[in-house]
Amino acid sequence: MDNTDRVAIYPGSFDPLTNGHVDVIERAMKIFDKVIVAVLHNPSKKALFSVEERLDMIRQTFSTSSRLVVDSFSGLLVDYARQTDATAIIRGMRAISDFESEFQMALMNRRLSRDVQTIFLMTGLRWIFTSSSIIKEVAVFGGDITGMVPHVVKCKMKEKFPLLQ
Ligand code: PNS
């Protein structure tokens, strides 16, 4: 890393990581010198996996490299961006339904900090319908989630949902 390196944060709940997230991370890695996948530590939101479990699953999915950092943060994203010298926030954009909340978040972050730009990356078409919440809903009832999440995530989901194939 030197000080001309372009650093981006990809923030989210990642509860759990899906192949849609993996796709966005891979795309971001092609544009930025360093990508920080940042799991929000949010005690007021009930999550299926603890922050540590989520970090572990992300770390096991990607081979470690100085260009890809997996971390957690709490508080304001723009403050975390300042601490990590990130100049971009990456968000995946799936469909029109994502637009309104993403637009609101991006404008709020821009108002809070002029030093960081939000960049939307389109996920591959085959991930357009995937989200952590829909995958959890399918898994609770034993539906097959193969191919929608990384292998390690499927194994961890099986521990939580015995009905899962
Ligand atoms: O995966 P998610 O749940 O859509 O991610 C949302 C996330 C973590 C990006 C967003 O909630 C966030 O950045 N929270 C940190 C608090 C913050 O900075 N809020 C002000 C901007 S809206």
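Whatever order the structure lists them in is the order used to number ligands and atoms, beginning at 1.
In this structure, the protein non-hydrogen atom closest to atom 14 (N) of ligand 1 is Leu40 CD2, 3.7 Å. Among all protein heavy atoms, the one lying closest to atom 19 (N) of ligand 1 is Leu76 CD2, 4.0 Å.
Distances shorter than 4.0 angstrom occur between a heavy atom of Arg91 and an atom of ligand 1. For Gly75, the closest heavy-atom approach to ligand 1 falls below 4.0 Å.
A salt bridge is defined here as a Lys NZ or Arg NE, NH1 or NH2 lying under 4.0 Å from an Asp or Glu carboxylate O, and Glu159 with Lys154 fails to meet this definition. Look at Asp56 and Lys156 and you find no salt bridge, because none of the NZ, NE, NH1 or NH2 atoms lies under 4.0 Å from a carboxylate O.
Remark: Leu112 CG is packed, more than 12 non-hydrogen atoms of other residues, nucleotides or ligands lying under 6.0 Å away.
Distances from atom 10 (C) of ligand 1 to the heavy atoms of Met105, Lys45, His21, Glu102 show the closest one on Met105. Remark: among candidates Ser132, Ala38, Ser131, Ser13, the nearest residue to atom 1 (O) of ligand 1 is Ser13, based on non-hydrogen atoms.
Residue-level proximity to ligand 1 for Asn109 is carried by the side chain, the only part with a heavy atom below 4.0 angstrom.
With ring centers used as reference points, His21 lies under 6.0 Å from Phe14.
Grouped with Phe103 in one hydrophobic cluster are Met93, Phe99, Leu107, Phe120, the linkage being side-chain heavy-atom contacts under 4.5 Å among Ile, Leu, Val, Met, Phe, Trp and Tyr residues.
Counting the atoms of ligand 1 from 1 in the order shown, those under 4.0 Å from a heavy atom of Leu77 are 13 (O), 17 (C), 18 (O).
Residues Asn109 and Leu77 form a side-chain contact, since some pair of their non-hydrogen atoms from C-beta on lies under 4.5 Å apart.
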